[in-house]
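All values derive from a computational prediction rather than experimental measurement.
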Amino acid sequence: MLNWILSQFKRQSAEDLERARELVKAAERGGAHLNLSKARELARALGIEVGAHASGDEVVHAIRRYLSHHGEL
């Protein structure tokens with residue numbers, strides 16, 4: 001049962017990492033406007049501390065640092 005629980009965390013983490021990569025790529029392209037509440041939610045899901053008043057650029061920068069630090073970018 002412990003293995004199942006751990007696999008659920010890994011799967012969620014992999015999904016969050018993929019969403020984070022897509023968010024950073026979209027921000028780099030300068031395409032669509034960033035949904036700030038979803039970006040903050042994603043950052044928090046990854047365990048990144050973001051302020052309630054953090055701008056979109058700050059959130060994307062924090063996510064980019066996280067991905068770079070963990071070798072996921």
> Listed by chain and number, what are the ring-ring contact (aromatic ring centres under 6.0 Å, His included) partners of His61, not counting sequence neighbours?
Replying inline: none

> Can Leu17 and Tyr66 be said to form a side-chain contact (heavy atoms from CB on, under 4.5 Å), step by step?
Replying inline: CA-CA 10 Å; Leu17 288 172; Tyr66 175 88; 3.8 Å; yes

> Quick one: salt bridge (charged side-chain N to carboxylate O under 4.0 Å, His left out) partners of Glu18, sequence neighbours excluded?
Replying inline: Arg21

Would you be so kind as to tabulate the donor-acceptor pairs closer than 3.5 Å made by side chains of residues 34-52, with sequence neighbours excluded?
unit_1 : atom_1 : unit_2 : atom_2 : d
Asn35  : OD1    : Ser37  : N      : 3.3
Asn35  : OD1    : Ser37  : OG     : 2.9
Asn35  : OD1    : Lys38  : N      : 3.4
Arg40  : NH1    : Ala52  : O      : 3.3
Arg40  : NH2    : Ala52  : O      : 3.1
Arg40  : NH2    : Ala54  : O      : 2.5

